[in-house]
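All residue numbers in this chain count up from 1 along the given sequence. These values consider heavy atoms only, across backbone and side chains, with no hydrogens, waters or symmetry-generated copies.
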Amino acid sequence: MQVRMARFKARMDSKQEGTPRADNAVAGTPSKSSAPAKYDDRRALQHEVDTEILIEKEQTIHELRETIMIMQEKIKKLEQLLRIKDSKIDALTAKIDQYDRATR
């Protein structure tokens with residue numbers, strides 16, 4: 001999260017370098033509005049990071065739901081194969097029993 005905040009801050013700083021800054025009327029002398037501006041910048045940064053985290057979490061949830069659906073389909077197929085194998089085993093067991101009764 002700190003890395004994302006640092007990246008966002010770097011992007012914001014690079015955007016501001018291209019535009020003149022209104023919060024410093026005289027070089028090196030901060031104006032009275034710099035504290036609220038920093039607070040607003042920090043709030044915007046936090047909002048941006050929160051939004052990115054939320055998007056990532058929603059994407060992860062979506063991917064996990066897809067994985068669950070795939071796994072459920074695999075389970076259905078395996079259950080179907082198990083039923084087929086059980087029926088084949090039952091049929092072969094019945095044939096063996098019938099053969100044993102016929103040979104006695």
Side-chain angles (χ1 to χ4, degrees):
M1 185 161 119
Q2 291 176 352
V3 172
R4 286 191 197 123
M5 288 178 71
R7 286 182 192 156
F8 180 76
K9 187 172 183 338
R11 278 187 284 171
M12 294 301 288
D13 289 344
S14 67
K15 287 180 183 177
Q16 289 178 355
E17 286 176 6
T19 59
R21 297 185 69 177
D23 62 78
N24 286 335
V26 178
T29 316
S31 69
K32 293 179 182 178
S33 66
S34 67
K38 286 182 183 179
Y39 177 75
D40 289 341
D41 288 346
R42 183 170 252 179
R43 261 182 96 175
L45 175 65
Q46 186 63 45
H47 179 71
E48 175 85 14
V49 170
D50 290 345
T51 303
E52 287 181 18
I53 290 171
L54 180 63
I55 290 169
E56 286 181 13
K57 286 185 178 187
E58 287 175 349
Q59 184 176 2
T60 302
I61 289 169
H62 179 74
E63 290 170 358
L64 290 172
R65 284 187 176 149
E66 285 181 351
T67 302
I68 288 170
M69 290 174 58
I70 291 168
M71 298 301 281
Q72 287 174 338
E73 288 298 317
K74 286 183 178 184
I75 289 170
K76 287 179 186 177
K77 294 288 184 181
L78 288 170
E79 288 173 341
Q80 182 182 14
L81 285 173
L82 184 62
R83 283 191 299 272
I84 291 169
K85 288 187 182 261
D86 282 344
S87 67
K88 285 184 178 181
I89 289 171
D90 290 342
L92 289 172
T93 303
K95 282 186 180 181
I96 290 172
D97 289 343
Q98 186 180 14
Y99 178 77
D100 283 345
R101 278 186 256 142
T103 57
R104 289 184 188 176

So how far is it from K95 NZ to D90 CG, rounded to the nearest 0.5 Å?
13.0 Å
With a 4.5 Å heavy-atom cut-off, do E48 and E52 have their side chains touching?
yes
Hits for side-chain contact (heavy atoms from CB on, under 4.5 Å) against T103, two or more places apart or cross-chain, chain-then-number order -> Y99
Any salt bridge (charged side-chain N to carboxylate O under 4.0 Å, His left out) involving residues 57-74? Give me the pairs, sequence neighbours left out, ordered by first then second residue.
E73-K76
Drop me the distance from L81's CG to D86's CG, to the nearest 0.5 angstrom.
11.0 Å
Atom CD1 in I84, atom CD in E79: separation rounded to 0.5 Å?
12.5 Å
Enter the distance from K85:NZ to L92:CG here, rounded to the nearest 0.5 Å.
11.5 Å
Inter-residue atom distance I53.CD1 - Q46.CD, 0.5 Å rounding
7.5 Å
Taken in chain and number order and not counting sequence neighbours, the residues that satisfy side-chain contact (heavy atoms from CB on, under 4.5 Å) with R101 are D97
Rounded distance (nearest 0.5 Å) linking atom OG1 of T60 with atom CD of E56
7.0 Å
